[in-house]
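Start at 1 with the first residue, then count along the sequence. Being a predicted model, the structure only gives us computed values, none of them experimental.
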Amino acid sequence: MPEPRFWIGVASRDHVRRGVGEGFAQLNHGKARALERIRAGDGLIYYSPVERFGEREPCQRFTAIGRVVGEVYRVDAGGGFRPHRHDVAFFAEAREVPIRPLLEALDFIHDARRWGYAFRFGHLEIGRDDYGRIARAMLGAPPAF
């Protein structure tokens, strides 16, 4: 079995909560490309820059963490919207954590003054160490992979 990879998805907190409640991840407004790089067994963390989609109230927290299961699939979400998704086993015991106290410790943040730049594409691959640092903050200890 291939080594797991680790990812951050970017979505508003309200969208993350819906995905956690229904056990799925959706990235970049349901486009397939980002999800096709992710496979079963990979780790996924959500970062939420805002509280609600389309609004500006900041959240700036890591809001969910889990392990990807299954393959990419497409759903009919109504109104002609057919997003791609991955099922995710989210860790229910995870707590949301603000990003700012972690900025200096994260390798994927190259400039703490411009830290938001890392999230500009809506998803990114991170290293095992960064996944572990965030997981420790959210879960108390990183999950075994």
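- Put simply, CZ on Arg33 and CG on Asn28 are 10.5 Å apart, with the number rounded to the nearest 0.5 Å.
- Here CZ of Phe6 is found 9.5 Å from CD of Glu125. Values are rounded to the nearest 0.5 Å.
- Of the inter-residue distances, the one linking His123 atom NE2 with Arg37 atom CZ reads 5.0 Å to the nearest 0.5 angstrom.
- Minimum heavy-atom separation, Arg74 to Arg82: NE-O, 2.8 Å.
- Heavy-atom contacts from other residues, nucleotides or ligands closer than 6.0 Å to CD of Glu55 number more than 12.
- The side-chain tip of Arg128 does not point at the ring of Tyr131 from less than 6.0 angstrom away and within 45° of straight on.
- Residues satisfying the side-chain hydrogen bond (donor to acceptor under 3.5 Å, both in side chains) test with Arg113, not counting sequence neighbours, are Asp111.
- Residues Ile65 and Trp7 do not share a hydrophobic cluster, clusters being chains of Ile/Leu/Val/Met/Phe/Trp/Tyr side chains in contact below 4.5 Å.
- Here the CG atom belonging to Leu103 is positioned 9.0 Å from the CD atom belonging to Gln60, to the nearest 0.5 angstrom.
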Output a table of donor-acceptor pairs, distance under 3.5 Å, between side-chain atoms of residues 133-145 and any protein atom two or more places apart or on a different chain; print 'none' if there are none.
| from | atom 1 | to | atom 2 | distance (Å) |
| --- | --- | --- | --- | --- |
| Arg133 | NE | Ala105 | O | 3.3 |
| Arg133 | NH1 | Asp130 | OD1 | 2.7 |

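- Heavy atoms of other residues, nucleotides or ligands lying less than 6.0 angstrom from CZ of Phe81 number more than 12.
- Checked by atom type and distance alone, the side chain of His86 pairs as donor or acceptor with a backbone atom of Ile38 at under 3.5 Å.
- A heavy-atom distance below 4.5 Å is not found between the side chains of Tyr46 and Val20.
- Side-chain heavy-atom separations under 4.5 angstrom define the hydrophobic clusters, and the remaining members of the one that includes Phe24 are Tyr73, Val75.
- Phe90 is linked by a ring pair (Phe, Tyr, Trp, His ring centres under 6.0 Å) to nothing, counting only residues two or more places apart in sequence or in another chain.
- Residues satisfying the ring pair (Phe, Tyr, Trp, His ring centres under 6.0 Å) test with His84, not counting sequence neighbours, are none.
- Between the CG atom in Asp42 and the CZ atom in Arg67 there is a gap of 10.0 Å [rounded to 0.5 Å].
- Heavy atoms of other residues, nucleotides or ligands lying less than 6.0 angstrom from CD of Glu22 number more than 12.
- The cluster map of Ile, Leu, Val, Met, Phe, Trp and Tyr, joined by side-chain heavy atoms under 4.5 Å apart, puts Tyr47 and Phe91 in the same cluster.
- A distance of 5.0 Å separates CZ of Arg100 from CH2 of Trp115, quoted to the nearest 0.5 Å.
- Hydrophobic clustering (side-chain heavy atoms under 4.5 Å, transitive across Ile, Leu, Val, Met, Phe, Trp, Tyr) groups Val88 together with Leu27.
- Ile8 and Val72 are assigned to two separate hydrophobic clusters, defined by single-linkage of ILVMFWY side chains at heavy-atom distances under 4.5 Å.
- No single ILVMFWY cluster, assembled from side-chain heavy atoms under 4.5 Å apart, contains both Val10 and Val68.
- When every heavy atom of Ala11 is checked against every heavy atom of Ser48, the shortest pair comes out as O-OG, 2.8 Å.
- Applying the side-chain hydrogen bond (donor to acceptor under 3.5 Å, both in side chains) criterion to Glu51, with sequence neighbours excluded, gives Arg13.
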